[in-house]
Amino acid sequence: MNKFEELGIDAIIAKAITEMGFETPTPIQLEAIPELIKGNRDLIGLAQTGTGKTAAFGLPLTKLIDFEDRNTQALIICPTRELCLQITRDLQSFTKYVKSANIVAIYGGASIETQIREVSRGTQIIVATPGRMVDMIKRRRVKLQSIKVVVLDEADEMLNMGFKEDLDSILSETPSEKNTWLFSATMPYEVARIAKAYMSNPFEITVGKQNQGADNIEHKYYVVQARDKYSALKRIADYNPDIFGIVFCRTRMETQEIAEKLIRDGYNADALHGDLSQQQRDSVMKRYRGKTLNMLVATDVAARGIDVNDITHVINYNLPDDIENYTHRSGRTARAGKSGISIVIINSKEVFKIKQIEKQVGKKFIQDKLPGGVEVCEKQLIHLVNKIHDVPVNEREIEHFLPQVMELLKDLSKEELIKRMLSEEFNRFLDYYKNAPDLNVDSSRRNERGSEGASQSNENSGRFFINVGEMDDLNVLSLRDMVCKITSLDKDAVGRIDVKSSFSFFEVEPRLSQIVSEAFKGQKLNGRSVRVEASGGGSSTSRSRSRSEGGSGGSGSSGGGGGFRRRTGSSGGEGKGSYGGGGGSREKRDFSYGGKKSSTGGGDFKKKKW
Ligand code: AMP
């Protein structure tokens with residue numbers, strides 16, 4: 001007898017889940033299944049996503065439902081469309097061999113008419129997001145009188161997302177004689193209120209400590225200067241050639257910006273946030289699931305319910321406003337028994353927040369040092385060598401070309417050949433990381449600028465004159481936008497801005513002066529040349545070499561260097577890129593600040609896979 005059958009699950013279901021690879025019940029399944037199949041208990045399950053909770057409630061449901069009856073007998077409410085579809089898929093897989101089983105997903109952003117049609121055919125289990133479910137109830141398109149079980153999954157998330165009233169309304173529409181099973185990663189007051197109002201004598205299961213991250217997640221943080229965060233992100237990605245991660249940002253705009261920068265720098269990344277249409281989000285998720293993307297840049301809300309099992313790294317580009325969300329973020333990795341790494345990129349002023357999160361997740365964070373250029377190169381090189389070593393060779397396909405190739409290479413020894421082959425692939429990377437600065441900041445040091453900033457003379461203050469102003473319809477915000485777009489610098493790298501009628505001043509960190517001077521060369525605004533000069537007199541190009549990573553900030557290297565991962569290169573290393581993205585030449589365009597967003601190059605960037 002299979003281990004799930006021993007817990008009371010029917011053989012026909014056990015067969016299906018064995019085919020899904022479930023051999024041993026997870027701890028939450030071991031505790032929940034025998035109790036829930038009795039059909040007379042309410043439950044509060046404090047469990048993170050990734051613990052196997054879908055099966056913990058889904059398998060008992062299969063036992064309590066009469067699949068010969070087409071009435072709706074169970075209702076599962078969850079916060080997002082993603083999770084809704086995931087749960088539906090799981091339940092459909094569990095009941096693969098139950099012919100009459102019909103499980104329907106109801107969620108916003110898709111045709112309600114189609115969903116009404118599906119429900120009207122008769123469905124034993126509805127999996128729904130709260131808003132759409134309320135809509136269906138109001139339209140009297142669902143019959144709830146036969147409901148035996150209501151499951152509230154990720155209850156805390158649903159309340160976070162403002163579904164409190166919807167939940168109350170749904171729960172009050174269902175028969176009072178039912179079982180309510182509530183799952184939540186945390187137990188804030190509002191969840192406790194729902195439990196109290198709608199459940200009687202529930203039994204509780206806690207998998208792991210409440211709020212605690214899974215044991216198999218390693219938590220790390222890197223302290224860098226605020227303006228180096230993007231460089232740090234790239235350093236992390238380059239040091240982990242097999243990364244399959246989620247990068248969390250705080251706002252939709254930041255999410256979009258970081259994703260665009262990564263794309264421009266040749267990474268297989270894309271953004272997931274609420275400003276995208278459902279279709280766009282689906283397409284991004286499809287590419288992420290299929291691992292065509294290896295970095296998903298997301299907001300907390302958009303990433304909720306993402307159920308992807310092999311995520312290696314969760315990167316907190318910025319910490320969430322609500323510290324509780326850290327647990328949700330980090331829980332995206334280390335799922336289904338795997339291990340994972342949760343990384344926080346932080347500046348020295350934010351270090352105190354680490355202590356707060358440590359308390360919340362009950363785990364110690366390790367302060368780690370970002371690898372230097374040599375370490376990154378070494379890691380990438382070994383990765384490349386391993387790939388070459390293991391690459392499958394299609395003898396038949398290659399056979400035809402070999403004699404000619406052998407002839408061409410016949411004067412090279414094995415050693416020479418290896419050296420040349422590696423150099424061909426690796427020189428760009430070595431170039432890129434040749435002068436890579438140490439991005440680490442000593443977190444005990446109060447002054448973020450450090451000695452470099454302090455030693456700058458007035459002339460190197462990073463203050464710039466620019467020959468555009470109010471007469472060009474610019475204000476502080478649009479000028480900052482324009483500077484950021486042209487230079488590819490982060491918004492927080494641009495300091496004070498003074499907009500006058502026909503000219504303006506803006507400030508950047510002194511070490512970024514070179515980048516600014518270079519980036520503005522040849523730029524135009526509404527057909528007029530834009531002139532930028534260091535306001536202390538003299539040209540900023542004569543200033544000391546920028547510390548900016550990638551060498552393009554002052555080495556005079558032309559476009560095509562830059563982001564290592566890029567195959568079809570536009571210029572620009574970390575913190576530096578030519579405005580407009582696109583081709584390999586330093587193409588300059590007429591800049592229209594109110595116009596279209598800069599192109600991110602779309603699918604053109606084929607990351608070189610190492
Ligand atoms: P969940 O917490 O329900 O999102 O489940 C996390 C992942 O673990 C899903 O991909 C499930 O398919 C998988 N899973 C759940 N239970 C088991 C089990 N007993 N054995 C192996 N994998 C499981």
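Both counts, for ligands and for their atoms, begin at 1 and track the order of listing.
With a heavy-atom cut-off of 4.0 Å, Phe57 does not touch ligand 1 at all. Contacts between Thr24 and ligand 1 below 4.0 angstrom, taking non-hydrogen atoms only, involve the backbone exclusively. Counting heavy atoms closer than 4.0 Å to ligand 1, residue Gln29 contributes side-chain atoms (C-beta onward) but none from N, CA, C or O.
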*Between Thr299 and Arg250, does a side chain to side chain contact (heavy atoms under 4.5 Å, CB included) hold up when you go through it step by step?*
CA-CA 6 Å; Thr299 55; Arg250 212 162 27 203; over 6 Å; no
*Yes or no on side-chain hydrogen bond (donor to acceptor under 3.5 Å, both in side chains) for Tyr288 and Asn294, after CA distance, side-chain angles and deciding distance?*
CA-CA 7 Å; Tyr288 188 55; Asn294 47 18; over 6 Å; no
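Of the N and O atoms on the side chains of Asn268 and Lys291, not one donor lies less than 3.5 Å from an acceptor on the other residue. For Gln86 and Glu82, the side-chain atoms include no donor-acceptor pair closer than 3.5 Å.
Aromatic ring centres of Phe57 and Phe183: separated by under 6.0 Å. Ring pair Tyr326/Phe365: centre-to-centre distance below 6.0 Å.
Close approach of ligand 1 to Phe4 (heavy-atom distance below 4.0 Å) involves ligand atoms 19 (N). Residue Thr54 has at least one heavy-atom neighbour below 4.0 Å for each of these atoms of ligand 1: 1 (P), 3 (O), 4 (O). Atoms of ligand 1 found under 4.0 Å from any heavy atom of Thr26 (numbered from 1 in listed order, with element): 16 (N), 17 (C), 18 (C), 19 (N).
Distances from atom 5 (O) of ligand 1 to the heavy atoms of Ala55, Gly52, Gly331 put Gly52 nearest.
On a distance-only criterion, Lys53 and ligand 1 share at least one N/O pair closer than 3.5 Å.
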